[in-house]
Amino acid sequence: MRQSKIFIPTLKEVPNDAVVPSHVFMLRAGMMRPLGAGIYSFLPLGYRVAKKVMEIIRQEMDAIGGQEFHLPALNPREIWEETGRVEAFGDILFSVKNRDYVLAPTHEEIITYHARKVVRSYKEMPQIWYQIQTKFRNEPRPKSGVLRGRQFTMKDAYSLDSSWEGLDKSYALHDQAYRKIFTRCGLKFFVVGASSGAMGGSGSEEFMVNAQAGEDTVAHCEHCGYAANVEVATSRTPVVTRHPQSKANELIHTPNTKSIDELIAFLNIKEEECAKSRVYIIDEKPVLVLMSGNDEVNETKLQKALSSEPRPAHPEELAEITGADAGSIGPVGFKGRIIADLCLKEGNNLYSGANKNDYHIGGIDLKRDAEGIEYFDLRTVTSGEGCPSCGKEMQVFTAIELGHIFKLGTKYSDAMGATFLDEDGTEKPIIMGSYGIGVERVMACYIEQHHDERGIIWNKALAPFHIHLLGLNMKKEPVIKASEELYTKLTAAGYDVLFDDREAQAGFKFNDADLLGMPVQVIVGEKKLAEGKVEVKLRATGEREDVSLTELEAYIQKVLR
Ligand code: ATP
Ligand code: MG
């Protein structure tokens with residue numbers, strides 16, 4: 001493709017609302033342009049990458065026996081009413097005004113609708129049906145470019161099985177296919193086992209990447225692969241040790257020490273000698289939650305421990321319940337239920353609030369000084385803590401979901417009456433799985449992981465072009481002749497070549513080439529040509545080498561392998 005002909009409107013400046021690197025570079029490299037909030041038009045360069053991602057997905061889905069469908073995005077609303085998901089999706093679901101249609105945010109209902117009509121017997125299963133199709137979700141906060149859009153492309157696959165073992169197999173096939181797809185795309189990913197939650201299945205996994213734009217916070221161990229959402233993640237945190245001798249309680253005047261940090265500075269003690277108290281209200285009753293030092297209460301874990309949703313007590317309530325303000329509250333003398341983090345189980349000689357403003361109590365032995373404390377894992381893990389499975393250091397970061405595999409079970413087939421005749425002659429609901437990958441997310445996450453301050457760094461698999469051929473002075477006859485010949489030759493050799501044949505300054509061309517990020521740049525300049533050479537630059541490493549025209553093809557073959 002000649003750059004003088006292809007529409008690649010690059011931008012020098014960072015567009016106003018773009019913050020995350022993928023968003024910045026997809027705009028700056030002329031891959032896409034916004035049309036509305038969370039809606040993007042793909043331009044030729046961007047769409048070439050999308051097609052490469054889709055091709056990798058197709059190959060790996062076909063390899064596990066997937067059959068490609070193309071289901072309508074415009075769906076009769078009544079089908080969605082059969083499963084109650086018009087309500088479940090709420091405002092996320094786009095409706096077509098004055099018509100009984102919705103724009104599909106996913107396609108479980110439509111697949112189940114067709115399965116109900118065509119699948120009659122156990123003999124017709126297993127089936128893997130997939131498609132690559134536009135999805136519509138009225139996301140409340142579309143952001144970070146295509147990472148969270150209102151219209152996006154999803155590969156969604158559905159498995160139909162006659163047995164639960166069959167579902168396990170279909171699920172395992174998708175798990176393998178997903179690992180291959182993301183590996184081929186050059187993504188560094190990890191897998192989080194998610195709870196089956198609202199979709200009502202019996203197991204699911206999310207394929208995630210570490211990204212600044214992510215909305216999930218996860219703990220991940222690169223050593224053994226342990227990964228979990230911080231809402232449920234655990235770690236090997238050191239427990240608070242028990243001293244051989246429990247000291248007596250001591251009331252200490254501690255003015256202006258509201259926080260743990262202020263308290264440890266004031267008393268010159270260690271963080272782990274403190275027990276921090278928070279009061280929550282559950283079913284109208286107060287519960288004191290005790291954490292070690294500065295450990296954060298994990299609300300999800302707390303909710304699970306209490307089997308109910310607690311709310312923090314208001315300041316007036318606090319004063320009424322404990323006689324003190326936040327910052328001076330503690331377990332000794334507290335009237336009500338006390339629950340504490342597991343690591344405090346053996347704790348003694350601790351400092352905590354005295355339930356009297358500006359006072360703390362020292363020498364607290366939780367076994368001796370407070371009755372009936374219940375212990376649960378309540379803390380939020382932080383970076384650097386020991387992995388619960390291998391003990392090595394874990395990291396906590398924000399991540400974004402690339403793909404999701406899900407054992408749906410019979411949720412949809414039950415709701416919609418999609419049954420089959422089993423071997424034993426009885427009618428049973430089809431056992432289903434659903435498996436999604438966001439195409440634009442794959443592209444954007446690749447860029448999040450592969451860029452520098454100058455632009456994108458494509459690998460061979462996703463690059464819109466393999467080679468960027470730069471004719472440096474397109475007014476000079478020898479440069480024109482040599483670069484035209486190379487363009488023809490490299491294209492004939494099977495490479496996708498972007499030929500910068502524009503009459504522009506060399507510096508301008510170099511900047512554009514680094515911004516667009518093709519893996520190999522072949523630079524044709526007058527001086528080197530005189531020696532029968534061109535310069536080859538590898539975008540990933542910045543390495544440059546003069547290569548003779550006769551050896552160029554072999555050289556490119558080697559570096560692109
Ligand atoms: P998220 O938790 O990020 O909102 P989700 O759980 O709603 O995603 P699924 O319904 O599991 O997503 O959809 C499958 C895949 O589709 C996701 O893994 C993601 O790659 C992609 N996807 C979902 N929502 C969007 C969106 N708004 N924009 C772009 N891609 C999306
Ligand atoms: Mg999901």
Side-chain angles (χ1 to χ4, degrees), residues 20 22-23 26 32 34-40 42 46 50 53-54 56-57 61 73 80 83 85 88-94 103-111 130-158 171 174-175 177-179 181-182 185 187 189-201 203-218 229 231 398-408 411-412 432-448:
V20 300
S22 58
H23 190 191
M26 287 173 84
M32 64 175 196
L35 185 64
I39 314 175
Y40 289 87
F42 272 96
V53 173
M54 293 191 276
I56 291 173
I57 293 175
M61 287 306 300
W80 282 82
T83 58
R85 283 221 291 181
F89 270 104
D91 290 341
I92 300 269
L93 195 66
F94 277 110
L103 293 174
T106 174
H107 277 87
E108 280 83 5
E109 277 77 359
I110 307 309
I111 286 286
Y130 79 94
Q131 65 167 342
I132 297 177
Q133 179 41 316
T134 305
K135 299 284 189 268
F136 299 88
R137 293 184 184 180
N138 190 14
E139 299 275 2
R141 280 173 300 279
K143 59 169 214 174
S144 309
V146 292
L147 282 170
R148 182 168 301 283
R150 288 196 161 123
Q151 166 172 343
F152 61 96
T153 317
M154 199 202 288
K155 186 288 298 175
D156 46 326
Y158 305 88
Y171 182 86
H174 283 86
D175 180 272
Y178 276 37
R179 286 170 198 271
I181 289 166
F182 299 135
C185 288
L187 286 162
F189 65 94
F190 59 95
V191 185
V192 179
S195 67
S196 32
M199 278 182 107
S204 88
E205 277 169 319
E206 291 175 345
F207 291 75
M208 314 281 296
V209 296
N210 178 349
Q212 181 195 332
E215 285 161 37
D216 287 328
T217 309
V218 296
N229 197 300
E231 289 175 0
T398 54
I400 193 161
E401 178 190 313
L402 277 176
H404 195 177
I405 60 177
F406 212 113
K407 291 183 186 177
L408 297 174
K411 176 174 165 151
Y412 294 89
M432 298 175 59
S434 108
Y435 315 90
I437 295 179
V439 172
E440 292 90 345
R441 274 216 193 150
V442 169
M443 298 166 61
C445 287
Y446 176 89
I447 297 172
E448 291 291 317

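Numbering of ligands and ligand atoms starts at 1, following listing order.
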For residues C445 and L187, determine if any side-chain heavy atom of one lies less than 4.5 Å from a side-chain heavy atom of the other.
-> yes
Is there a side-chain contact between R441 and F152 (heavy atoms, below 4.5 Å)?
-> no
For E215, the salt bridge (charged side-chain N to carboxylate O under 4.0 Å, His left out) test, sequence neighbours excluded, returns K143, R148
Where do V191 and E206 land on the side-chain contact (heavy atoms from CB on, under 4.5 Å) test, with the steps shown first?
-> CA-CA 6 Å; V191 185; E206 291 175 345; over 6 Å; no
Say whether H107 and Q131, considering side chains only, have a donor N or O and an acceptor N or O under 3.5 Å apart.
-> yes
Below 4.0 angstrom from a heavy atom of G403, which ligand 1 atoms are there? Numbered from 1 as shown, please.
-> 18 (O)
Test item: side-chain donor near acceptor, R85 and Y412, under 3.5 Å | yes
Atoms in ligand 1 with a heavy atom of V146 nearer than 4.0 Å = 29 (C)
Using non-hydrogen atoms of the residue, decide whether R148 is closer than 4.0 angstrom to ligand 1.
-> yes
Which residue, R137, Q133, E440, forms the side chain to side chain contact (heavy atoms under 4.5 Å, CB included) with M154?
-> R137
Structural part of E401 in contact with ligand 1, heavy atom criterion under 4.0 angstrom | both
Nearest-option assignment for atom 14 (C) of ligand 1, heavy atoms, candidates E206, M154, K155 | M154
Min over E139, H404, R137 of heavy-atom distance to atom 12 (O) of ligand 1 lands on R137
Run the numbers for me: atoms of ligand 1, each under 4.0 Å from some heavy atom of L402, listed by number.
-> 18 (O), 20 (O)
Between G436 and ligand 1, does any nitrogen or oxygen pair lie at a separation below 3.5 Å?
-> no
For the residue pair W80 and F89, categorise the inter-ring angle as parallel (less than 30°), tilted (30 to 60°) or perpendicular (more than 60°).
-> perpendicular
Ligand 1 contact by L147, heavy-atom criterion under 4.0 angstrom | yes
Report the member of F152, F207, F406 with the shortest heavy-atom distance to atom 30 (N) of ligand 1.
-> F152
T106: heavy atom below 4.0 Å from ligand 1, yes or no?
-> no
